[in-house]
Amino acid sequence: MEPNHGRGRMGGCVVAGRVRRSRRDAADEFGGVAGTMVDAGVVLTELGRALDCGPWMSSAVAAPRVLMRLGRTEEASEILSGIADSSIVATISLCRAHDPDVVATRHGAAFTLSGCTAEVPDASVANVLLVPARNGGHVGLFAVDIAAPGVSVRPTPSADRARCRSSVTYVDARARLLGELPSRLLDAAIDDVQIACAAEAVGAADRLLELTVAHAKVRR
């Protein structure tokens, strides 16, 4: 199983139909079909059975679940619409999200980010990064274009070759403020990702059990 970095923006393991299923977790008003974590869990279990290495969990579950909780901000709505029509592949890292190592600096109505985010899933195939960053005395959520000046993505080795993770460094990278991330919202988002990971693991374990039983029946 090869990781998905270096396979283009959408990821070589992701077929168009599968990316379009991200519409399930974007609400109707953004061009999608509202879905629950139960719906996402059904899909993720099947993806786990196939050891799928595409960015579905990042762009169809983690990112939209956080954005929907932010409320009806214009910037968040644009990203949700892009996820729903497959023009945007988004990802977010919730590692150290309560106390991020990235700091936002305001320049009038604009922002730049500086710092580093570790353990970013699917950053090598995303085109929009959602970045928790310190913004004064609060934690804000910012959107950064992957191709923006000052953004550097470095894949990090992992025992799980099906799940590409990267370290992303920001040096005065232009960013758009999407909203504030209170602790309760972050806790709920982390719960969503843990549920998604568990569903995927159940699918992989179920397929492994099937293969083991099949082998046990024919081995000598």
Side-chain angles (χ1 to χ4, degrees), residues 1-16 18-19 22 47 51-67 75-76 78-80 82-83 86-105 107 110-135 139-178 181 186 189-190 192-193 196-197 200:
M1 177 63 62
E2 292 295 326
N4 59 10
H5 58 263
R7 296 191 179 185
R9 181 172 63 83
M10 298 299 290
C13 294
V14 186
V15 298
R18 181 169 293 155
V19 174
S22 64
L47 294 180
L51 290 183
D52 181 83
C53 59
W56 201 86
M57 187 189 301
S58 297
S59 195
V61 180
R65 298 288 293 185
V66 172
L67 291 171
E75 290 282 2
E78 288 179 4
I79 296 173
L80 282 166
I83 291 173
S86 301
S87 62
I88 288 178
V89 177
T91 187
I92 181 173
S93 173
L94 295 172
C95 178
R96 291 183 53 85
H98 287 89
D99 185 23
D101 292 325
V102 181
V103 178
T105 302
H107 308 275
F111 288 87
T112 59
L113 300 184
S114 294
C116 182
T117 305
E119 297 293 318
V120 184
D122 303 309
S124 58
V125 295
N127 54 10
V128 173
L129 303 173
L130 303 183
V131 187
R134 281 183 282 159
N135 182 26
V139 175
L141 183 67
F142 294 82
V144 178
D145 293 333
I146 193 73
V151 179
S152 176
V153 178
R154 181 174 60 86
T156 54
S158 170
D160 182 1
R161 292 181 60 81
R163 182 66 62 202
C164 177
R165 297 185 179 274
S166 302
S167 174
V168 182
T169 301
Y170 311 92
V171 180
D172 294 328
R174 285 181 171 272
R176 308 183 299 279
L177 178 63
L178 302 179
L181 286 177
L186 284 171
I190 291 170
D192 287 342
V193 172
C197 288
E200 186 181 57

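- Leu67 CG to Glu78 CD: the interatomic distance, rounded to the nearest 0.5 Å, is 11.5 Å.
- One distance of note links CG of Leu178 with CG of Leu80; it measures 9.5 Å at 0.5 Å rounding.
- Residue Gly140 comes nearest to Leu177 through the heavy atom pair CA-CD1, 4.4 Å, listed as atom of the first residue, atom of the second, then distance.
- Within the model, atoms CG of Leu181 and CG of Leu130 stand 9.5 Å from one another, a figure rounded to the nearest 0.5 Å.
- Thr105 is not listed as a side-chain neighbour of Ser114, based on a closest heavy-atom distance of 4.5 Å or more.
- The minimum heavy-atom distance linking Ser124 with Cys164 is given by the pair OG-SG, 3.6 Å.
- A salt bridge links Asp145 and Arg176; the closest N-O separation between the charged side-chain nitrogens and carboxylate oxygens is under 4.0 Å.
- Val131 pairs with exactly one of Thr117, Ile92, Val151 by the side-chain contact (heavy atoms from CB on, under 4.5 Å) rule, that one being Thr117.
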Given the rule in the side chain to side chain contact (heavy atoms under 4.5 Å, CB included) test, do His98 and Ile190 qualify, once you have shown the distances and angles that lead to the verdict? CA-CA 11 Å; His98 287 89; Ile190 291 170; 3.8 Å; yes
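- When every heavy atom of Cys116 is checked against every heavy atom of Asp101, the shortest pair comes out as O-CB, 3.5 Å.
- To the nearest 0.5 Å, the span separating CG on Asn127 from CD1 on Ile146 amounts to 8.5 Å.
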Begin from the C-alpha positions of Phe142 and Asn135 and carry the test side chain to side chain contact (heavy atoms under 4.5 Å, CB included) through to its verdict. CA-CA 10 Å; Phe142 294 82; Asn135 182 26; 4.1 Å; yes
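- For the residue pair Ser93 and Ala118, the shortest heavy atom distance occurs at OG-O, 2.9 Å.
- The nearest pair of heavy atoms linking Ser166 to Pro155 is OG-CA, 3.6 Å.
- Here the CG atom belonging to Asp122 is positioned 9.0 Å from the SG atom belonging to Cys53, to the nearest 0.5 angstrom.
- Between the side chain of Arg134 and the main chain of Asp99, no donor-acceptor pair closer than 3.5 Å is present.
- Between Val120 and the choices Thr91, Leu94, Thr156, the side-chain contact (heavy atoms from CB on, under 4.5 Å) rule is met once, by Thr91.
- Taken to the nearest 0.5 Å, the CZ atom of Arg154 stands 7.0 Å off from the OG1 atom of Thr169.
- Across Ser59 and Val89, no two heavy atoms sit closer than the pair OG-CA, 3.5 Å.
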